[in-house]
Participant: 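My structure is below; once you've seen it, I'll send some questions.
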Amino acid sequence: VQLQASGGGLVQAGGSLTLSCAASGRAFNSYAMGWFRQAPGKEHEFVAAINWSGESTLYSDSVKGRFTISRDNAKNTVYLQMNSLKPEDTAVYYCAAGIGNYGPYSGAYDNWGQGTLVTVSS
């Protein structure tokens, strides 16, 4: 499966953005999906994950209560709704797909999108 992330941009602190990740290829609903991010000078960080059906989700503590991951299998798309954004959320956000159990470990995902930049100004 190939992934194309979009929706990044510049937003003020406290604002909202929604990222999208469109998947091409077959059997999108077989994949668990995840969002990760990497800020300048920092390590790759797990953000959120969702299982194949959308019934189960997982969030990092840093975004829990502010971000929501969802998916539309009919549209082969996963979303990341980001509310109450903070300057520390500034990063390149990557979507990823993996067969099997979803989770916070990047090694569980075989396919990665190109990333979309989110910049939160203070």
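Heads up: numbering here begins at 1 and tracks the sequence.
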Participant: Evaluate the criterion side-chain contact (heavy atoms from CB on, under 4.5 Å) for residue pair Leu80 and Thr68; output intermediate values, then yes/no.
Facilitator: CA-CA 6 Å; Leu80 186 68; Thr68 302; over 6 Å; no
Participant: Going through the checks in order, is the side-chain contact (heavy atoms from CB on, under 4.5 Å) test met by Ser56 and Tyr102?
Facilitator: CA-CA 9 Å; Ser56 297; Tyr102 70 108; 3.1 Å; yes
Participant: Apply side-chain contact (heavy atoms from CB on, under 4.5 Å) to Val47 and Phe67, showing your working.
Facilitator: CA-CA 9 Å; Val47 176; Phe67 291 11; 3.7 Å; yes
Participant: Cluster question for you: counting only ILVMFWY and a side-chain heavy-atom cut-off of under 4.5 Å, with indirect links fine, are Ile99 and Val78 together?
Facilitator: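 Yes.
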Participant: Keeping the roles fixed (side chain from Asn51, backbone from Gly54), state whether a donor-acceptor pair exists under 3.5 Å.
Facilitator: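 Yes, because the side chain of Asn51 sits within donor-acceptor range (under 3.5 Å) of the backbone of Gly54.
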Participant: Would a 4.5 Å heavy-atom cut-off, applied to side chains only, mark Ser106 and His44 as touching?
Facilitator: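 Yes. Closest side-chain heavy atoms under 4.5 Å.
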Participant: Do other residues, nucleotides or ligands put more than 12 heavy atoms under 6.0 Å from Glu88 CD?
Facilitator: yes
Participant: Main chain of Phe28, side chain of Ser30: is a donor-acceptor contact present, judged purely on distance under 3.5 Å?
Facilitator: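 Looks like no, no N/O pair under 3.5 Å.
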Participant: State the CE-OG distance between Met33 and Ser70, to the nearest 0.5 angstrom.
Facilitator: 11.5 Å
Participant: Salt-bridge test for Asp61 and Lys64: reply yes if a basic N is under 4.0 Å from a carboxylate O, no otherwise.
Facilitator: yes
Participant: Can the ring centroids of Tyr94 and Phe36 be said to lie less than 6.0 angstrom from one another?
Facilitator: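 Centroid distance Tyr94-Phe36: not below 6.0 Å, so no.
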Participant: Test Val11 against Thr119 for side-chain contact (heavy atoms from CB on, under 4.5 Å), laying out the working first.
Facilitator: CA-CA 6 Å; Val11 64; Thr119 303; over 6 Å; no
Participant: Going from CG on Leu58 to CD1 on Ile50, what distance comes out if it is rounded to the nearest 0.5 angstrom?
Facilitator: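 Result: 11.0 Å between the selected atoms.
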Participant: Between Arg37 and Glu45 (side chain of the first, backbone of the second, donor and acceptor by atom type, cut-off under 3.5 Å), is there such a pair?
Facilitator: no
